[in-house]
K.L.:
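Pasting in a structure now, in structure tokens, and then I'll have a few things to ask.
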2 protein chains.
Amino acid sequence: MKSGMGLTKSHSLKRQSLPEALADSLRERILNGEFKPGESLVQEALAEEYECSRMPVREAFRQLEAAGLIVTKVHKGAVVAAMPAEQAQELYELRVNLESVLLEHAIPNMTDADLDASEQVLRELEKAYEERDINRWGSLNWEFHRSLYVPANRTQTLAIVQGVNLQVERYVRLQLLISETFEAAQKEHRALLEYCRARNVEAAVALLKQHIRDAGDSLVSSLEARSVDA
Amino acid sequence: MKSGMGLTKSHSLKRQSLPEALADSLRERILNGEFKPGESLVQEALAEEYECSRMPVREAFRQLEAAGLIVTKVHKGAVVAAMPAEQAQELYELRVNLESVLLEHAIPNMTDADLDASEQVLRELEKAYEERDINRWGSLNWEFHRSLYVPANRTQTLAIVQGVNLQVERYVRLQLLISETFEAAQKEHRALLEYCRARNVEAAVALLKQHIRDAGDSLVSSLEARSVDA
DNA sequence: AATCTGCGGGCTGGATCCAATAACACGGCG
DNA sequence: CGCCGTGTTATTGGATCCAGCCCGCAGATT
């Protein structure tokens with residue numbers, strides 16, 4: 001059985017249903033910061049904006065709710081989920097834990113093609129950083145990490161990690177503007193890839209843990225500062 | 001606080017929206033094995049059975065899909081998700097990893113009331129075991145584990161772990177009939193609680209890991225055996 | 001005889017319509 | 001003058017209706 005073949009490069013005919021497309025779009029807009037935490041999403045308004053009925057919007061809401069990006073109350077509608085610093089802390093600890101496991105299992109399985117693909121993403125990531133293209137940086141950042149984890153062949157874990165990353169990503173994006181930790185993060189990305197090329201599991205995992213912890217600490221303190229002035 | 005309400009079609013305290021109630025009911029039916037893996041769920045049939053329109057059913061499907069219990073294809077409907085042995089393996093490794101962390105953080109926070117509550121659940125669990133009430137045992141088993149993790153105050157992690165447990169629970173239930181590992185599991189539950197009472201983190205975590213690994217190995221080999229004859 | 005093709009039934013996806021509820025504002029009363 | 005009750009309105013939840021897609025079946029063609 002060729003169980004490991006994740007269909008990464010198949011075209012996968014855009015058999016995407018409208019609710020899914022809507023969910024993607026709305027998720028991106030939430031990550032962009034266009035919809036801020038606490039802001040309420042009105043079905044009718046979005047339906048009109050996307051020129052469809054309210055029903056696909058409702059189904060998209062269900063997906064976003066399952067992803068933890070919005071919270072809905074009966075007869076009260078949907079609001080963008082807030083994220084207390086405490087919760088961010090927990091999510092980053094989850095990332096450290098789960099992504100370490102993924103990387104550890106991935107490195108022995110990495111082919112040269114895998115590494116080249118990661119390299120390619122990293123190049124784009126660096127470019128986005130230089131151009132200060134925040135949104136592009138955000139999605140490429142996750143794309144780079146993801147590309148390192150895919151060879152682990154752990155789809156369930158990867159899906160969970162992806163959910164966690166999406167939940168925190170919008171705050172990361174906000175922070176990109178004001179923080180210098182990203183300068184370091186850039187270099188760490190490059191170093192991380194080199195460790196992977198060298199198949200140095202120990203060093204790679206250690207660096208990854210520190211990489212995520214730094215980002216988490218930076219984000220948490222930022223959130224705490226924000227919550228004080230609010 | 002017994003969550004056994006079985007959707008009494010009238011207005012039974014509906015702080016819970018209809019789609020959620022439906023999702024609960026359908027989830028339970030899937031876990032019970034009433035709907036088997038591969039079986040397709042028809043919106044119209046379920047709508048008629050629950051005496052409502054298809055729309056709440058559709059929204060319930062979204063929730064179940066997000067939980068990984070069903071998979072849906074556009075214009076082709078929903079089928080109950082299967083679980084290859086490989087996937088079960090991964091999910092159990094996730095359990096070992098995440099539940100260890102939870103228990104480790106929970107034990108120092110446990111109050112006497114927490115421990116008594118767990119004791120209470122354990123009593124019911126033992127009773128269900130003696131009476132061979134599979135479904136009740138299944139939900140109480142998770143309830144017991146959950147009660148041990150709640151004091152960790154990690155809602156995100158707990159939610160993820162709950163999802164993982166729900167995904168594997170139906171196979172565990174099927175297996176309860178044919179396996180003897182549950183005899184051991186029963187004793188381990190009791191021992192686990194005692195370690196918690198003694199605040200012996202080391203021993204408790206070690207036992208928990210073995211407890212989950214045993215269950216996982218047993219389930220995986222059972223799934224592999226099943227896949228061969230199929 | 002086997003395969004391809006056109007057609008129809010059944011089901012899902014999306015739109016529209018109606019009911020129910022919660023926020024809000026106005027006016028009455030203490 | 002302020003608080004509470006009621007009516008109004010905006011928005012969500014649920015039902016019904018219509019269109020489009022899958023799949024199976026039957027018939028024709030090679």
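In what follows, chains are A, B, ... by sequence order, proteins preceding strands, each numbered from 1.
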K.L.:
Mind calculating the distance between CD (B/E51) and P (D/dG14) to the nearest angstrom?
P.N.:
16 Å
K.L.:
Does C/dA23 have OP1 or OP2 under 4.0 Å away from a side-chain N or O of A/K76?
P.N.:
yes
K.L.:
Grab the CZ-C1' distance between A/R54 and D/dG13 for me, whole Å please.
P.N.:
8 Å
K.L.:
Starting at atom CD of A/E59, determine the distance to atom P of D/dG13, rounded to an integer number of angstrom.
P.N.:
13 Å
K.L.:
Would you call A/V168 and A/Y92 a side-chain contact if the rule is heavy atoms closer than 4.5 Å?
P.N.:
yes
K.L.:
Is the charged tip of A/R132 near the ring of A/Y129: under 6.0 Å from the six-membered ring centre and within 45° of its axis?
P.N.:
yes
K.L.:
Which whole-number value in Å describes the distance from A/Y50 OH to C/dG14 P?
P.N.:
15 Å
K.L.:
D/dG14, C/dG14, C/dC11: which one has an atom nearest the side-chain heavy atoms of A/S53?
P.N.:
C/dG14
K.L.:
From CE of B/M55 over to C1' of D/dC17, roughly how many Å is that when rounded to an integer?
P.N.:
11 Å
K.L.:
Tell me: CG of B/L41 to P of C/dG13, nearest whole Å?
P.N.:
13 Å
K.L.:
Within the side chain of A/S147, is there an N or O that forms a donor-acceptor pair under 3.5 Å with the backbone of A/F144?
P.N.:
yes
K.L.:
Counting only side-chain nitrogens and oxygens, does A/Q43 get under 4.0 Å of the OP1 or OP2 atom of D/dG13?
P.N.:
yes
K.L.:
Return yes if a side-chain donor-acceptor contact under 3.5 Å exists between B/N165 and B/E99, otherwise no.
P.N.:
yes
K.L.:
A/R58 or B/E44: which one's nearest nucleotide on DNA chain C is closer to the 5' end?
P.N.:
B/E44
K.L.:
Just how far, in rounded Å, is C1' of C/dG13 from CD of A/Q16?
P.N.:
14 Å
K.L.:
Given atom NE2 of B/H75 and atom P of D/dA19, what is their separation to the nearest angstrom?
P.N.:
14 Å
K.L.:
With a cut-off of less than 4.0 Å, is there a side-chain N or O of A/K73 near OP1 or OP2 of C/dA22?
P.N.:
no
